[in-house]
Amino acid sequence: EVQLQASGGGLVQAGGSLRLSCSASGFTFADYAIGWFRQAPGKEREGVSCIINDGRTYYVDSVKGRFTISRDNAKNTVYLQMNSLKPEDTAVYFCAADRWAQGRSWLRNVYGMDYWGKGTQVTVSS
């Protein structure tokens, strides 16, 4: 059974930091591009960041320089370090994985992900 288990969300003041984790099981983690989407109330789900199977990383412009994604293939886990958080980062964050979208296209592939995890809420207060 495939599972993506996200954790690390919470409430933080603007300027603060959070680290999200996504632990995966049930598929060959190292072969997949994996990362994070987010969805704010009343808005469409958007790709935030991904890390592909060769370690290259991609970010949506709004988080560049503030968020850092990494993966530990030995632990089947991907991390999203979020610094300098802003109220507009408030959203439910979803971990997702796809075998074939190995590049920036992953961020736009919201309807094509192979696997999704349940979301974790991130709330940034002003």
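For the numbers below, each heavy atom of this structure counts, side chains included, while hydrogens, waters and symmetry mates do not.
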Exercise. Out of curiosity, Thr120 OG1 to Trp36 CH2, how far, rounded to the nearest 0.5 Å?
Worked result: 7.0 Å

Exercise. How long is the gap from CD1 on Ile69 to CG on Leu80, to the nearest 0.5 Å?
Worked result: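 These two atoms lie 6.0 Å from each other.
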
Which pairs count as disulfide bond (SG atoms under 2.5 Å apart) when at least one residue sits in [range], sequence neighbours excluded?
{"range": "residues 96-126", "answer": "none"}
{"range": "residues 51-87", "answer": "none"}
{"range": "residues 25-79", "answer": "none"}

For this session: With sequence neighbours excluded, tell me which residues meet side-chain hydrogen bond (donor to acceptor under 3.5 Å, both in side chains) with Lys43.
Result: none

Problem set entry | Set of residues satisfying side-chain hydrogen bond (donor to acceptor under 3.5 Å, both in side chains) with respect to Ser70, sequence neighbours excluded | none

Starting from [Y], can I reach [X] by hopping between I/L/V/M/F/W/Y residues whose side chains sit under 4.5 Å apart?
{"X": "Tyr58", "Y": "Tyr32", "result": "no"}
{"X": "Val60", "Y": "Tyr111", "result": "no"}
{"X": "Val78", "Y": "Tyr115", "result": "yes"}

For this session: For residues 71-83, pull every pair meeting salt bridge (Lys or Arg N to Asp or Glu O under 4.0 Å), keeping only residues two or more places apart or in separate chains.
Result: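 Counting only pairs at least two positions apart or across chains, no salt bridge (Lys or Arg N to Asp or Glu O under 4.0 Å) contact touches residues 71-83.
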
Exercise. For Trp116, which residues count as a ring-ring contact (aromatic ring centres under 6.0 Å, His included) partner, sequence neighbours excluded?
Worked result: Phe37

Problem set entry | Residues forming a side chain to side chain contact (heavy atoms under 4.5 Å, CB included) with Asp54, sequence neighbours excluded |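 With sequence neighbours excluded, Asp54 shows a side chain to side chain contact (heavy atoms under 4.5 Å, CB included) to Ile52, Arg56, given in chain and number order.
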
Less than 3.5 Å apart, which donor and acceptor atoms pair up between the side chains of residues 1-29 and the rest of the protein, not counting sequence neighbours?
| residue | atom | partner | partner atom | Å |
| --- | --- | --- | --- | --- |
| Ser17 | OG | Asn83 | OD1 | 2.9 |

Using distance only, find each side-chain donor-acceptor pair of residues 101-109 under 3.5 Å and give its atom names and separation, not counting sequence neighbours.
| residue | atom | partner | partner atom | Å |
| --- | --- | --- | --- | --- |
| Gln102 | OE1 | Asn53 | N | 3.1 |
| Gln102 | NE2 | Asp31 | O | 3.0 |
| Gln102 | NE2 | Arg99 | O | 3.0 |
| Arg104 | NH1 | Tyr59 | O | 3.2 |
| Trp106 | NE1 | Ala33 | O | 3.2 |

Please set out all donor-acceptor pairs under 3.5 angstrom arising from side-chain atoms of residues 85-97, sequence neighbours excluded.
| residue | atom | partner | partner atom | Å |
| --- | --- | --- | --- | --- |
| Asp89 | OD1 | Arg38 | NH1 | 3.0 |
| Asp89 | OD1 | Arg66 | NH2 | 3.0 |
| Asp89 | OD2 | Arg66 | NH1 | 2.7 |
| Asp89 | OD2 | Arg66 | NH2 | 3.4 |
| Asp89 | OD2 | Lys86 | N | 2.8 |
| Thr90 | OG1 | Pro87 | O | 2.9 |
| Thr90 | OG1 | Val124 | N | 2.9 |
| Thr90 | OG1 | Val124 | O | 3.4 |
| Tyr93 | OH | Arg38 | NH1 | 2.9 |
| Tyr93 | OH | Asp89 | O | 2.7 |

